[in-house]
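Below: the structure, in C-alpha cells.
Values below: all heavy atoms of this structure, side chains included; hydrogens, waters and symmetry mates excluded.
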Amino acid sequence: MSLYTTKGPVTITCNKRLTPFLEQEVKDLGFNVEETFVTGVRLNATLNECIRLNLNLRCGSQVLYSLKQFEALDADEIYNQLHTFPWETILPEDGYFSTTSNVQNDTINNGMFANLRVKDAVVDRLREKTGKRPSTGAELSGAVIHLFWKNDNAEIFIDTSGDSLARHGYRKIPGRAPMLEALAAATILAARWDRQSPFINPMCGSGTVAIEAALIATNSRPGLFRNNYAFMHLQGFDEAVYLEERGLLEKQIREVPGLRIIATDLSDIAIVNAHKNAKAAGVEDIIEFKVCDFARTEVPED
C-alpha cells in the first residue's frame, strides 16, 4: 500500500486567524474540508494530493499526513507505540529525517525530550529491520516526522512540508520588522481586492504586502519559489507527479493588463530592499516603487 495513492487524514496548520482563508484556498483546489479549528483545517487526501497542497497554498504552514493515533501516558509509551510502526516501508534506509512535536503532557516539561523519544523509536526500528542507522538532525531538509501529543492522546504524522509554507521563499532581505508572507496574503484576501484595481501600499518596508498582491493578481503560487519539500524524501515519491504539479503552476500564471501596484516608503534602503525582493519574486516590473512620505503616496483618481 502506497501512502502516495492512499487517502488518509490530513491536517493543514496555519497561524491564528488565518483559518477562514486557508479553508477557502483548500476548497478552491477541489478538496472537501471536513473540519476547521483555530489553527488549521482537516480533510482526507493522498500524499500525491499533499504535493498539490504544498505547492499552491499561500496561508498554510504545514501539511501533515496522519499515520497513527494512540494513547500515551508518558514518553516511554510514545517510544513503544512508534517502535512497532513499520517505518522501513516509509523512510529510505539510507535517508535523513528530523522530528518535530507539539506537546502538552504533564509528564514532561520539554518538548525536545518527546522529539528524542520519537527519534529513538524510529532509529531503533530501522536499525533492527534494515541493519542501517539513518541520519538525523534538526535541519528540516529531509523527511520530517511530527508528533502531536495532548494529555493522553497522541498522533504521529508525516510532515509533507518540512520548512514552513508560511514563508514563501522569495524574500531575501527581510528588513527590520518583516510581515510573514502568509499573513500578508491573508490580509489581501480578507480585503476582497478584485485583483485589477490599483493597489496602494504606503510604508511598504521590505515590500511583502505589495509583492503578495502582485503574486495573487497574477496567480503566481508559492511553489514556484521552492524546490525542496519533505514529501520528496519518502519511499514511493514519484518525481513525475511533482513535476506535473509544478508545471501547472507555470501554466496558471496570468497577466493583468493595466494593473498598478504602488509601494512607497520614507526609507530609501527599504525601497532598495523591497525592489530586490520583488525581483526575486519575478514581479519587479508590476510594482511601482518610490521613496516618499506616507502622505505623498500617489492614489490614482479612479
Side-chain angles (χ1 to χ4, degrees), residues 1-15 19 22 26 31 33-54 57 60-72 75 77-92 95-105 111-123 125-126 134 136-166 228-237:
M1 180 183 71
S2 171
L3 300 180
Y4 279 93
T5 56
T6 302
K7 284 188 180 293
V10 169
T11 298
I12 307 175
T13 64
C14 65
N15 289 72
T19 297
L22 172 62
V26 172
F31 294 93
V33 174
E34 298 188 349
E35 183 182 355
T36 64
F37 54 102
V38 175
T39 55
V41 302
R42 294 188 180 94
L43 60 149
N44 274 293
T46 67
L47 280 186
N48 278 337
E49 290 173 327
C50 288
I51 293 176
R52 186 188 319 147
L53 290 163
N54 275 285
L57 294 177
S61 295
Q62 313 294 144
V63 180
L64 307 171
Y65 184 97
S66 178
L67 296 175
K68 182 178 182 179
Q69 297 184 45
F70 54 93
E71 291 187 359
E77 290 195 18
I78 293 289
Y79 175 92
N80 293 335
Q81 287 283 346
L82 298 185
H83 182 252
T84 61
F85 190 82
W87 295 105
E88 65 276 6
T89 66
I90 297 176
L91 301 176
Y96 166 91
F97 76 90
S98 306
T99 57
T100 60
S101 64
N102 182 346
V103 176
Q104 301 173 46
N105 182 279
M112 297 301 293
F113 181 64
N115 289 357
L116 179 63
R117 295 306 281 157
V118 172
K119 185 206 73 174
D120 288 346
V122 177
V123 167
R125 171 77 185 197
L126 290 175
T136 64
E139 186 177 348
L140 304 180
S141 59
V144 181
I145 300 168
H146 179 75
L147 170 69
F148 179 81
W149 184 19
K150 184 175 183 180
N151 300 325
D152 298 341
N153 300 311
E155 189 168 6
I156 199 73
F157 298 89
I158 287 292
D159 179 348
T160 68
S161 304
D163 285 325
S164 175
L165 302 177
N228 184 50
Y229 295 87
F231 62 71
M232 296 175 168
H233 304 279
L234 305 174
Q235 287 195 41
F237 169 62

As an exercise, state the distance from [atom1] of [X] to [atom2] of [Y], rounded to the nearest 0.5 Å.
| X | Y | atom1 | atom2 | value |
| --- | --- | --- | --- | --- |
| I158 | L64 | CD1 | CG | 10.0 Å |
| L47 | K7 | CG | NZ | 11.5 Å |
| Y65 | N44 | OH | CG | 8.5 Å |
| Q81 | R117 | CD | CZ | 13.0 Å |
| L67 | L3 | CG | CG | 6.5 Å |
| L165 | C14 | CG | SG | 11.0 Å |

Are [X] and [Y] close enough that some pair of their side-chain heavy atoms sits under 4.5 Å apart?
| X | Y | result |
| --- | --- | --- |
| L53 | F31 | yes |
| F70 | I78 | yes |
| F97 | P134 | yes |
| T99 | V122 | no |
| T36 | L22 | no |
| I90 | Q235 | no |
| Y79 | D120 | yes |
| V103 | F113 | no |

Do any N or O atoms from the side chain of [X] and from the backbone of [Y] form a donor-acceptor pair under 3.5 angstrom?
| X | Y | answer |
| --- | --- | --- |
| W87 | V123 | no |
| W149 | A72 | yes |
| T160 | V63 | yes |
| R125 | F85 | yes |
| T11 | R42 | no |
| Y96 | E139 | yes |
| T46 | E49 | yes |
| S101 | L147 | no |

**Prompt:** Is there a donor-acceptor contact under 3.5 Å linking the side chains of N102 and H146?
**Reply:**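 Side chains of N102 and H146: no pair found under 3.5 Å.
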**Prompt:** Any luck finding a side-chain donor-acceptor pair between T100 and D159 under 3.5 Å?
**Reply:**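 No pair is found: no donor N or O on one side chain lies under 3.5 Å from an acceptor on the other.
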**Item:** Residues forming a side-chain contact (heavy atoms from CB on, under 4.5 Å) with T39, sequence neighbours excluded
**Value:**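 With sequence neighbours excluded, T39 shows a side-chain contact (heavy atoms from CB on, under 4.5 Å) to K16, F37, given in chain and number order.
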**Request:** I would like to know whether T84 and K68 meet side-chain contact (heavy atoms from CB on, under 4.5 Å); could you show each step before the answer?
**Result:** CA-CA 11 Å; T84 61; K68 182 178 182 179; 4.0 Å; yes
**Item:** For the student: nearest non-hydrogen atoms of P92 and H233, plus distance
**Value:**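 For P92 and H233, the tightest heavy-atom pair comes out as CD-O, 3.4 Å.
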**Item:** Minimum heavy-atom distance E155-S66, with the two atoms named
**Value:**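 So the minimum-distance heavy-atom pair works out to OE2-OG, 2.6 Å.
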**Message:** Are there over 12 heavy-atom neighbours, none belonging to K150, within less than 6.0 Å of that residue's NZ?
**Reply:**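 At most 12 heavy atoms, drawn from other residues, nucleotides or ligands, come within 6.0 Å of this atom.
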**Message:** Once salt bridge (charged side-chain N to carboxylate O under 4.0 Å, His left out) is applied, do any residues pair with E34, and if so which ones, sequence neighbours excluded?
**Reply:**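 Scan of E34 (salt bridge (charged side-chain N to carboxylate O under 4.0 Å, His left out), adjacent residues dropped) gives none.
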**Prompt:** Can you check side-chain contact (heavy atoms from CB on, under 4.5 Å) on I145 and L82, steps first, answer last?
**Reply:** CA-CA 11 Å; I145 300 168; L82 298 185; 5.8 Å; no
